[in-house]
Amino acid sequence: MANVTVIGSQWGDEGKGKIVDWLAAKADIIVRFQGGHNAGHTLVVGNTTYKLHLLPSGVVRGKLSIIGNGVVVDPWALLSEIETLRGQGLEISPETLMLSETAPMILPVNSALDKALEEARGKGKIGTTGRGIGPAYEDQVGRRALRLCDLAHPETLKAKIEKLAFYYNALYKGLGAQPFDVDELAEKLLSVAETLAPYIGPAWRVLDKARAEGKTIVFEGAQGVMLDVYHGTYPFVTSSSTVAASAAIGSGIGPDQLGFVLGITKAYTTRVGSGPMPTELNDNVGDTLTERGHEFGTTTGRKRRCGWFDAVQVRQAVTVAGVKGMALMKLDVMDTLKEVKICTGYTHGGKTYDYLPAAADLQEKLEPVYETMPGWQTSLRGVRKLEDLPENALKYIRRLEELTGVKAVIISTSPEREDTIRVTDIFQAA
Ligand code: GDP
Ligand code: IMO
Ligand code: MG
């Protein structure tokens, strides 16, 4: 069986958690490779709902779950999430969870700075999750980050924190804030070091052994291509790369091991936080999508902005991220609509665009060009067979496939794990 790399092809919250969990039934290892606890992945299994932020969705099925080197890890958020999930009856131990020793940590200074910068941006804020994601990635590329492996060396930990303090204190001085207390942070870190130690190790070696033994790996992306730091709606993006290639870098495996690249794609569009979204709807249809889709953030509880499917945006995401097939999610949310629209291009100032131009100012001004189709006005909720989908829903799916250039290999009709139509066995299709 081939591996599968799961990524979001819009602005996040497409339903990656549900599909990773569904695929995990057949996989041996699940790996998170970028992002941090800014993610919120929801899994519904019978009467139980699990909300995962940092932990790979494989923990719910007790599969070996790896947090790769590309993930920024807040140790306290991690421990609290482990406790919450244990409270829901899951067993999480070093047998089933491994943390890459080279993953950078998110420290309290990072989250404090994230929030302070957002406040200073005022109206121009990005709408970050305030989790310290951006500052932690800055520390990594700035070569001053503390990594999980540093917890095993208390004798040198303080010197590393001092290096970090040198940078942050210069920044704080400019902002008129209190300098950062090195001893306090060292103590805080040492107080969790022992608990975390058994989980930390060379994840790349475990993955290489799994590869040699022919094990099946699912790589679990966070966020979506439009939030990618290079390919997204910059600067209204997250601070990591969310495309499939990132799975190789963020876990320490060759790009030839990524297998089938599955783009999780909502049947309409949502976005949380600021930034351009050409098909956003501020009308009854937008409200219907928000209400029927329960479009409120898993991590921050913020209302998600909703709009029509943007085929130009998804086609671009498919191209830059290397998507081979899509999992089409939440089609049931559109059940009551009389007609459905698909964005097939943009216009501005007498020009038409068949791609999303790069400049944020221009992206804000784009007017979508729509194609309209009749709705299906039948409940799709819980449909588990392709042949049970009504004609108009099938026509909508076929049109999305034509416009985006990829087939819907999976179709999802409710939050529940098993309400999922397998059109193609992607483990065999890489
Ligand atoms: P992720 O961040 O990509 O994992 O997505 P989230 O979990 O943040 O948001 C997706 C939401 O949609 C969750 O509440 C899921 O339970 C729910 N969901 C997933 N698939 C479907 C579906 O096919 N239909 C409906 N109605 N809800 C779904
Ligand atoms: P999942 O994995 C949706 C958004 C934030 C903000 C921007 C930058 O659940 O799909 P950050 O805190 O990362 O610096 O915020 O990115 N964002 C998400 N939006 N789903 C997510 O994750 C997101 N993670 C970050 O709202 O606009
Ligand atoms: Mg989410």
Side-chain angles (χ1 to χ4, degrees), residues 6-22 32 34-45 49-54 56-57 71-72 74 106 110-111 113-115 117-118 125-138 220-229 232-240 242 263-268 270-277 289 291-305 327-335 379-384 410-421:
V6 171
I7 59 162
S9 60
Q10 292 150 319
W11 277 281
D13 302 328
E14 298 90 349
K16 296 176 291 292
K18 164 170 171 166
I19 296 301
V20 170
D21 166 64
W22 184 74
R32 272 282 308 269
Q34 47 72 232
H37 65 313
N38 50 347
H41 295 179
T42 317
L43 280 62
V44 180
V45 184
T49 299
Y50 302 96
K51 290 180 195 283
L52 303 173
H53 300 285
L54 198 46
S57 295
V71 176
V72 279
D74 178 324
I106 300 185
N110 300 133
S111 19
L113 184 63
D114 187 2
K115 288 177 198 138
L117 287 173
E118 277 288 88
K125 70 173 192 225
I126 293 164
T128 72
T129 57
R131 301 294 192 266
I133 306 293
Y137 278 116
E138 284 181 40
E220 176 176 9
Q223 292 83 51
V225 177
M226 288 297 119
L227 290 170
D228 183 284
V229 69
T233 47
Y234 191 89
F236 301 96
V237 293
T238 191
S239 297
S240 67
T242 58
I264 312 298
T265 309
K266 223 177 251 189
Y268 50 96
T270 65
R271 164 162 214 174
V272 53
S274 335
M277 175 178 165
L289 295 173
E291 280 154 33
R292 291 186 48 88
H294 303 290
E295 296 295 357
F296 294 90
T298 312
T299 298
T300 57
R302 290 177 291 176
K303 182 176 169 299
R304 297 175 184 150
R305 300 152 67 191
L328 194 61
M329 312 300 292
K330 304 189 87 160
L331 211 54
D332 56 296
V333 171
M334 303 176 85
D335 283 351
S379 172
L380 300 191
R381 201 174 164 92
V383 169
R384 294 183 182 186
I410 293 169
I411 297 166
S412 166
T413 57
S414 101
E416 160 63 32
R417 179 189 266 172
E418 297 303 334
D419 289 338
T420 309
I421 303 172

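Atoms within each ligand, like the ligands themselves, are counted from 1 in listed order. A quick note: this is a predicted structure, and the numbers were derived from the prediction, not measured.
Residues His294 and Val333 fail the side-chain proximity criterion, which asks for heavy atoms closer than 4.5 Å. Contact annotation: the side chain of Asn38 never approaches that of Thr299 to less than 4.5 Å [non-hydrogen atoms, C-beta and beyond]. With contacts defined as side-chain heavy-atom distances shorter than 4.5 Å, the pair Glu295/Leu289 does not qualify. The shortest side-chain heavy-atom distance between Leu113 and Glu138 does not fall under the 4.5 Å cut-off. The shortest side-chain heavy-atom distance between Phe236 and Met277 does not fall under the 4.5 Å cut-off. His41 places none of its side-chain heavy atoms less than 4.5 Å from the side chain of Ile19. Taking the side chain as every heavy atom from C-beta outward, Asp13 and Lys266 approach each other to under 4.5 Å.
By the 4.0 Å heavy-atom criterion, Arg271 is excluded from the residues contacting ligand 2. Residue Gly12 places every heavy atom at 4.0 Å or more from ligand 1. Under a 4.0 angstrom heavy-atom cut-off, Arg304 registers as lying outside contact with ligand 2. Heavy-atom distances between Gly40 and ligand 2 reach below 4.0 Å in at least one pair.
Residue Glu416 holds its CD atom at 7.0 Å from NZ of Lys18, rounded to the nearest 0.5 Å. How far CD1 of Ile410 is from OG1 of Thr265: 10.5 Å, rounded to the nearest 0.5 Å. Rounded to the nearest 0.5 Å, atoms CD1 (Ile7) and CD (Glu220) are 13.0 Å apart. Taken to the nearest 0.5 Å, the CG atom of Asp21 stands 4.0 Å off from the CG atom of Leu43. With rounding to the nearest 0.5 Å, the separation of CH2 in Trp11 from CG in Asp228 is 13.0 Å. Rounded to the nearest 0.5 Å, atoms CZ (Arg381) and CG (Leu331) are 13.0 Å apart.
If you check which protein heavy atom lies closest to atom 8 (O) of ligand 1, you get Gly40 O, 2.8 Å. Of the protein's heavy atoms, Gln223 CG, 3.6 Å lies nearest to atom 23 (C) of ligand 2. Of the protein's non-hydrogen atoms, Asp332 OD1, 2.8 Å is the one closest to atom 24 (N) of ligand 1. For atom 20 (N) of ligand 2, the closest non-hydrogen atom on the protein side is Asp13 OD1, 3.1 Å. Nearest protein neighbour of atom 6 (C) of ligand 2, counting heavy atoms only, is Gly127 O, 3.1 Å. Looking only at protein heavy atoms, the nearest one to atom 8 (C) of ligand 2 is Val237 O, 3.4 Å. Of the protein's non-hydrogen atoms, the one nearest atom 4 (C) of ligand 2 is Leu227 CD1, 3.9 Å. For atom 12 (O) of ligand 2, the nearest protein heavy atom (residue, atom name, distance) is Thr129 OG1, 2.6 Å. Among protein heavy atoms, atom 27 (O) of ligand 2 sits closest to Val272 O, 3.2 Å. Here the heavy atom of the protein found nearest to atom 13 (O) of ligand 2 is Thr238 OG1, 2.6 Å.
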- Message: Checking Gln34 against Thr242 for the side chain to side chain contact (heavy atoms under 4.5 Å, CB included) test, could you report, in this order, the C-alpha distance in whole Å, the side-chain angles of both residues, the deciding distance, and whether it holds?
- Response: CA-CA 7 Å; Gln34 47 72 232; Thr242 58; 3.6 Å; yes

- Message: Please evaluate residues Arg384 and Asp419 with respect to the criterion side chain to side chain contact (heavy atoms under 4.5 Å, CB included), reporting the C-alpha separation (whole Å), side-chain torsions for both, the decisive distance (0.1 Å), and the verdict.
- Response: CA-CA 6 Å; Arg384 294 183 182 186; Asp419 289 338; 2.7 Å; yes

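Remark: ligand 1 atoms within the under-4.0 Å shell around heavy atoms of Met329 are 20 (N). Numbered from 1 in the order shown, with element, the atoms of ligand 2 that lie under 4.0 Å from a heavy atom of Arg302 read 5 (C), 26 (O). The contact set between ligand 2 and Trp11, taken as ligand atoms under 4.0 Å from a residue heavy atom, comprises 3 (C), 19 (N). Atoms of ligand 1 lying under 4.0 Å from any heavy atom of His41, numbered from 1 in the order shown and given with element: 1 (P), 2 (O), 4 (O), 7 (O). Here is the list of ligand 2 atoms found below 4.0 Å of a heavy atom in Ala39: 1 (P), 2 (O), 9 (O), 22 (O). In summary, the atoms of ligand 2 found under 4.0 Å from a heavy atom of Lys16, numbered by their order in the structure, are 1 (P), 2 (O), 10 (O). Atom numbering of ligand 2 starts at 1 in the shown order; those under 4.0 Å from a heavy atom of Ile126 are 27 (O). Heavy-atom proximity to Ala222, at under 4.0 Å, picks out these atoms of ligand 2: 2 (O). Of all atoms in ligand 2, listed by their number and element, those nearer than 4.0 Å to a heavy atom of Gly273 are 27 (O). Interface of Gly17 with ligand 1, defined as ligand atoms under 4.0 Å from a residue heavy atom, comprises 4 (O).
Counting heavy atoms under 4.0 Å from ligand 1, residue Thr413 touches it through the backbone alone. The proximity of Thr42 to ligand 1, defined as any non-hydrogen pair under 4.0 Å, involves the side chain as well as the backbone. If you look at Arg304 next to ligand 1, the close heavy atoms, those under 4.0 Å, all belong to the side chain. Under 4.0 Å from ligand 1, heavy atoms of Asp13 appear from its side chain as well as its backbone. Only the side chain of Lys18 comes within 4.0 Å of ligand 1, judged by heavy-atom distances. At a 4.0 Å heavy-atom cut-off, ligand 1 touches Pro415 through backbone and side chain alike. When heavy-atom distances to ligand 2 are checked against a 4.0 Å cut-off, Arg131 has no atom that comes that close, whether in backbone or side chain.
Within Asp13, the N, O or S atom lying nearest to the Mg ion (ligand 3) carries the name OD1.
A donor-acceptor contact closer than 3.5 angstrom is absent between the side chains of Arg131 and Thr129. For Asp114 and Thr128, the side-chain atoms include at least one donor-acceptor pair closer than 3.5 Å. In summary, the side chains of Lys16 and Ser57 do not present any donor paired with an acceptor at a separation below 3.5 Å, with no hydrogens or angles considered.
Remark: ligand 2 and Asn38 share an N or O pair separated by less than 3.5 Å (distance only, no angle test). The N/O atoms of Val333, backbone and side chain alike, include none that comes under 3.5 Å of an N/O atom in ligand 1.
Taking 2.8 Å as the threshold, Gly40 counts as a candidate ligand of the Mg ion (ligand 3), since one of its N, O or S atoms lies below it.
Closest non-hydrogen pair, Ser414 versus Gly382, comes out as CB-N, 4.1 Å. Listed here is the closest heavy atom pair of Val71 and Gly36: CG1-CA, 4.2 Å. Scanning both residues, Ile126 and Glu118, for their nearest heavy atoms gives N-OE1, 3.1 Å.
For atom 17 (C) of ligand 1, the candidate residues are Glu220, Glu295, Lys330; the nearest heavy-atom contact is made by Lys330. Compare Gly8, Gly297, Ser412 by their heavy atoms: the one nearest to atom 23 (O) of ligand 1 is in Ser412.
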